[in-house]
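Down below is the structure, laid out as structure tokens.
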Amino acid sequence: MSKKILVTGGTGYIGSHTVVELHDAGFEVVVVDDLSNSSVDVLDKIEEISGKKPAFEQFNLADAAKTDDFFKRNQDIAAIIHFAASKAVGESVQQPLHYYRNNLVSLMNILDCQRKYNVANLVFSSSCTVYGQPDQLPVTENTPRKDAESPYGNTKRVNEDILHDSVNAYPELKTIALRYFNPIGAHPSALIGELPLGVPQNLVPFITQTAAGVREQLSVFGDDYDTPDGSAIRDYINVVDLAKAHVVAITRLLENKNKTGYEVFNLGTGNGYSVLQIVNGFEKATGVKLNYKIVPRRAGDIEKIWADTTYANEELGWKAEKGLEETLLSAWNWEKRLRNIQ
Ligand code: WQD
């Protein structure tokens, strides 16, 4: 049986870490990426870490003709992991049509090709953002989804609906949606990590760039939430733990262990940490004092969310292993290598 896996968005943050884990698990990988938010150099780093360089093609999956041509030339694909998407929450508010076109059309082109070229298995990159601000915590996979706070979040929700409706109509498809909580950290080698273009939107890259002197000061968005220290709470998960979950999900589909054609799993740690706890955890793990100030809340932010991981732990046999300080240190080691800081 072919062990060739298509990883779309494979030069991105979570995609590149997943390619490393797929290689380590003995899979052959082909990456498709349009390089709109990542660098092709990541492929060399993947080779340096795993000893193998994935095959690579550069194009945007919203282009139906190019996507079909790719699948026509690669008819030995056993499964797909679909990361490729625009993912900046704030940018999506400014450019909704770009987000809906890129994120929704890409998935539909892939599903068309799966049916045409008999590729049954798909793992989809979803997000806890589909829960909005939950009424009850922790969230399970059965927690009702809520209206998204952004076009980005809505594309994740609509893509889940596209998968659900597609497998009902086309029973040959077998899909798993993985709802990530907040991915952070970097590979222990510090050769790959989060590489935001421009000013980081996410907390941890902003922290590491502040520690590296690239940013003057971290702004903590709000300390008037209904939480122990007033700052917002999230479930931060190590990106390597997250990558390993994708290998488990792909294997589940390849071995026909899925119970339905559309399964959903929360990928979190089950622990919620506040922004100030992350700041303090970073300072403790690295010995670097952070320059930060409290500013008003950021529009669109929810107050608190963390995962109930029981279903993923029991059904997938997967659990996040790495602790917060180890993870924050890995992010710092990655930033230091990137900036040539000793
Ligand atoms: C985390 C916390 C901020 C920056 C989003 C998407 C999610 C996923 C991850 C793509 C919040 C606070 C942040 C800063 C701060 N994206 N913060 N100062 O918003 O939980 O999730 O990114 O896959 O789908 O929804 O992540 O890292 O932006 O924010 O105080 O400079 O850190 O207010 O409380 P978020 P985040």
Side-chain angles (χ1 to χ4, degrees), residues 1-10 12 14-15 18-19 21-22 25 27 29-32 61-62 64 67-68 70-71 74-85 87 102-131 140-143 145 153-181 242-267 311-312 314-318:
M1 172 181 74
S2 157
K3 295 191 75 174
K4 185 174 179 180
I5 309 297
L6 163 60
V7 178
T8 76
I14 304 168
T18 301
V19 173
E21 297 306 322
L22 285 167
F27 289 98
V29 175
V30 53
V31 168
V32 167
L61 291 142
T67 302
D68 185 272
F70 171 83
F71 276 91
N74 290 271
Q75 300 204 33
D76 55 348
I77 289 169
I80 302 163
I81 306 180
H82 180 41
F83 292 104
K87 63 156 205 161
N102 189 41
N103 293 3
L104 302 186
V105 173
S106 298
L107 177 62
M108 289 186 279
N109 287 343
I110 288 169
L111 289 165
D112 282 342
C113 289
Q114 284 187 256
R115 296 184 60 219
K116 183 173 176 182
Y117 296 103
N118 303 313
V119 182
N121 305 307
L122 171 70
V123 170
F124 172 67
S125 167
S126 191
S127 169
C128 65
T129 201
V130 303
Y131 296 115
T140 73
E141 287 78 0
N142 300 315
T143 296
R145 297 181 305 170
N154 205 35
T155 66
K156 290 299 182 185
R157 178 186 168 125
V158 174
N159 271 340
E160 289 190 353
D161 295 342
I162 289 171
L163 289 179
H164 179 268
D165 295 342
S166 296
V167 302
N168 285 343
Y170 318 122
E172 70 274 21
L173 294 177
K174 300 188 295 168
T175 69
I176 293 178
L178 298 177
R179 290 177 181 162
Y180 311 153
F181 283 69
L242 190 63
K244 289 179 187 296
H246 290 75
V247 180
V248 172
I250 277 289
T251 304
R252 178 180 175 88
L253 292 177
L254 289 171
E255 294 176 354
N256 296 306
K257 291 193 172 140
N258 56 305
K259 295 211 165 52
T260 63
Y262 173 63
E263 294 184 312
V264 174
F265 293 96
N266 282 344
L267 296 185
Y311 185 54
E314 292 176 358
E315 189 58 35
L316 287 183
W318 165 89

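Because only heavy atoms are used, hydrogens play no part in the values below, and waters and symmetry mates are left out as well, while side chains stay in. Keep in mind that what you see is a predicted model, and the values were worked out from it rather than measured.
- By the side chain to side chain contact (heavy atoms under 4.5 Å, CB included) test, Glu255 pairs with Thr251, Lys257, sequence neighbours left out.
- Between Thr140 and Tyr311 the shortest side-chain heavy-atom distance does not fall below 4.5 Å.
- Glu263 CD to Arg252 CZ: the interatomic distance, rounded to the nearest 0.5 Å, is 4.0 Å.
- At least one donor-acceptor pair closer than 3.5 Å links the side chain of Thr8 to the backbone N or O of Ala84.
- Nearest heavy atoms, Thr260 versus Asn258: O-ND2, 2.9 Å.
- Although no hydrogens or angles enter the test, the distance criterion places no donor-acceptor pair under 3.5 Å between the side chain of Thr175 and the main chain of Leu122.
- Note: Ile176 CD1 to Leu163 CG = 11.0 Å, rounded to the nearest 0.5 Å.
- With a 4.5 Å cut-off on side-chain heavy atoms, Ile81 and Leu22 count as touching.
- With sequence neighbours excluded, the residues satisfying side chain to side chain contact (heavy atoms under 4.5 Å, CB included) with Ala245 are Leu267, Trp318.
- In terms of heavy atoms, Leu173 sits closest to Ser166 at CD1-CB, 4.2 Å.
- Residues Ala25 and Lys3 come closest through the heavy atom pair O-NZ, 3.9 Å.
- Residues forming a side chain to side chain contact (heavy atoms under 4.5 Å, CB included) with Val264 (at least two apart in sequence, or on another chain): Glu141, Ala177, Arg179, Tyr262.
- Looking only at distances, no side-chain donor or acceptor of Asn121 sits under 3.5 Å from a matching main-chain atom of Leu254.
- In plain terms, the two heavy atoms of His164 and Val167 that are nearest each other are O-CG2, 3.3 Å.
- In terms of heavy atoms, Ser125 sits closest to Tyr180 at OG-CE1, 3.0 Å.
- With sequence neighbours excluded, no residue forms a side chain to side chain donor-acceptor pair (under 3.5 Å) with Arg157.
- Looking at Asn266 and Tyr131, their side chains come closer than 4.5 Å, going by heavy atoms from C-beta outward.
- Here the side chains of Tyr117 and Phe70 are not in contact, with every heavy-atom distance at 4.5 Å or above.
- Taking CG of Leu107 as the start and CD1 of Ile162 as the end, the distance is 5.5 Å to the nearest 0.5 Å.
- A side-chain donor-acceptor contact under 3.5 Å links Asn159 to the backbone of Asn103.
- At least one side-chain heavy atom of Gln114 sits under 4.5 Å from a side-chain heavy atom of Ile110.
- Qualifying salt bridge (charged side-chain N to carboxylate O under 4.0 Å, His left out) partners for Lys156, counting only residues two or more places apart in sequence or in other chains: none.
- Ring geometry, Phe124 versus His82: the interplanar angle falls from 30° to 60°, so the pair is classed tilted.
- Under the 4.5 Å side-chain criterion, counting only non-hydrogen atoms from C-beta, Asn109 is not in contact with Leu61.
- Asn102 places no side-chain N or O within 3.5 Å of a backbone atom of Ala85 that could act as its donor or acceptor partner.
- Taking every heavy atom of both residues into account, Lys4 and Asp76 meet most closely at NZ-OD1, 3.1 Å.
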request  = Mind running side-chain contact (heavy atoms from CB on, under 4.5 Å) on Val7 and Val29 for me, showing each step along the way?
outcome  = CA-CA 7 Å; Val7 178; Val29 175; 3.8 Å; yes

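- Within the structure, every pair that satisfies the salt bridge (Lys or Arg N to Asp or Glu O under 4.0 Å) test and touches residues 113-131, not counting sequence neighbours, is listed here: Asp68-Lys116, Arg115-Glu172.
- Between Tyr170 and Leu111, the closest side-chain pair of non-hydrogen atoms is not below 4.5 Å.
- By the 4.5 Å heavy-atom criterion applied to side chains, His246 and Ile14 are counted as neighbours.
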